[in-house]
Structures are given as structure tokens and as C-alpha cells.
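Okay, so here's the structure we're looking at.
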Amino acid sequence: MATLPEIQALLGEPRFNWSDPAPWIELEDELGIEFPADFREIADAYGSITINGQLYLEHPAGHLLHSLGRTVRENLEFWREEDMAPFLPGPAGTNPGELLPVASAMTGEWIFLRIPDGPSLPWRVVVQEMDSPAGTLHEMTFGEWLLAYLRGSDVTLCSRNSAPDGPFFEPLP
């Protein structure tokens, strides 16, 4: 399983380092889910950022202009629309087996967490390309997926062209 130190070794030292669980608790209570620990750990360390000028990752802190809670709410609504639902390999939502939109890319991809069918099963990542009628399921946790992306592996979203000199991040306002 990917760890934050492995991600930090490639991406650099985080600057956000959030420790108050309140925004997570509020968002999780609203959605009726508990985000996977690796996703929370990464977002708490880095906050709302763009990675390689391509991938947008957000934190739920309410004072941020780019807030995970707002993004999830708006995009659940968007992906549940009749016109968009056929583009996903499963329904968008917060129930077991459904897809939760948590990140996006400047190149048109959406990154979803697939909610496990049972409490002991792992969360998985689904990447939806807007120019394709199907999403790709990656049998890995979010941390493993992000680490593979940072290493330049093809995880539907590829960083090779976006970061020829190596991975980097910039805070979002």
C-alpha cells in the first residue's frame, strides 16, 4: 500500500498539514460515508492543489475557494444527470458500489472513488475520460493510484507529458 512518505519523496514536502478533523466529519456526515484513510492523509498533507499542472485535488476545509465538499456535491449532481450517467461504469453516488467524484484533470478526466461493497473491502479508483464512453477501474487504493501517476505509469491519466522534469504541485487559491 502506498504511503504518504513515498508520495512526498516524489511530489515534495507538503505545506498544508491540516490536523482538524472537523471538515472531514462534517462532509462524511453529510454524505453518509467515511473517506478512505489514505485519501484523507494526502489531502490533509497537501490541501487543495494542482499536481503537474494537470490533476486537481481538493481538501474539505470550508475556507478554501476550491473545497472538496462543494466539488463532490456539484459533481454528484452532474454525474447523476440522465445525459452523463451512461458515461460511467456504474452510478454516481454515496452507496456501496457507487462512484464518488473526488478529483478532476485539466485534460478532461474525472477521478472517482468506488465505494466498497462491504466494510472490509478496499476502496478503488475509477478514471473517466470525457472523450470516452467508459471509465477504467484501477484495482488500487487512491494512494497507490496517485503514486503510480506520479511515477509516470499509465493509470488512464498520465503525467509524463505534464511533468517532464518530475512531479510538482502548486496550491490552489
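Just so it is clear, the structure is predicted and the values come from calculations on it, not from any experiment.
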Intermediate values then yes/no, side-chain hydrogen bond (donor to acceptor under 3.5 Å, both in side chains), Thr156 and His138
CA-CA 9 Å; Thr156 311; His138 295 277; 2.7 Å; yes
Step by step, would you call Tyr149 with Gln54 a side-chain hydrogen bond (donor to acceptor under 3.5 Å, both in side chains)?
CA-CA 11 Å; Tyr149 165 77; Gln54 179 184 33; 2.7 Å; yes
Are Arg15 and Glu170 close enough, and set up right, to give a salt bridge (charged side-chain N to carboxylate O under 4.0 Å, His left out), and what steps lead you there?
CA-CA 10 Å; Arg15 297 181 212 134; Glu170 298 172 316; over 6 Å; no
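- Rounding to the nearest 0.5 angstrom, the gap separating the OG atom in Ser153 from the CH2 atom in Trp145 is 11.5 Å.
- The backbone N or O of Gly62 lies less than 3.5 Å from no partner atom in the side chain of Arg70, so there is not a single donor-acceptor pair.
- Using a 4.0 Å cut-off between charged side-chain N and carboxylate O, Arg114 and Asp117 make a salt bridge.
- Atom CD of Glu77 has 12 or fewer heavy atoms from other residues, nucleotides or ligands within 6.0 Å.
- Follow the hydrophobic side-chain contacts under 4.5 Å out from Val155 and you never reach Phe168; the two are in separate clusters.
- Follow the hydrophobic side-chain contacts under 4.5 Å out from Phe39 and you never reach Leu64; the two are in separate clusters.
- Annotation: side chain of Thr94 is in contact with side chain of Leu76 (closest heavy-atom distance under 4.5 Å).
- Classified by interplanar angle (parallel below 30°, tilted 30° to 60°, perpendicular above 60°), the ring pair Phe16/His63 is parallel.
- Taking the side chain as every heavy atom from C-beta outward, Leu147 and Glu6 approach each other to under 4.5 Å.
- Aromatic ring orientation, Trp123 versus Phe35: parallel (interplanar angle below 30°, classes split at 30° and 60°).
- Between Phe142 and Arg124, the closest side-chain pair of non-hydrogen atoms is not below 4.5 Å.
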When you look at Glu58 and Thr71, which way does the side-chain hydrogen bond (donor to acceptor under 3.5 Å, both in side chains) test go after all the steps?
CA-CA 8 Å; Glu58 298 173 330; Thr71 295; 2.3 Å; yes
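- Ring pair Phe112/Trp110 is tilted by interplanar angle, where 30° to 60° counts as tilted.
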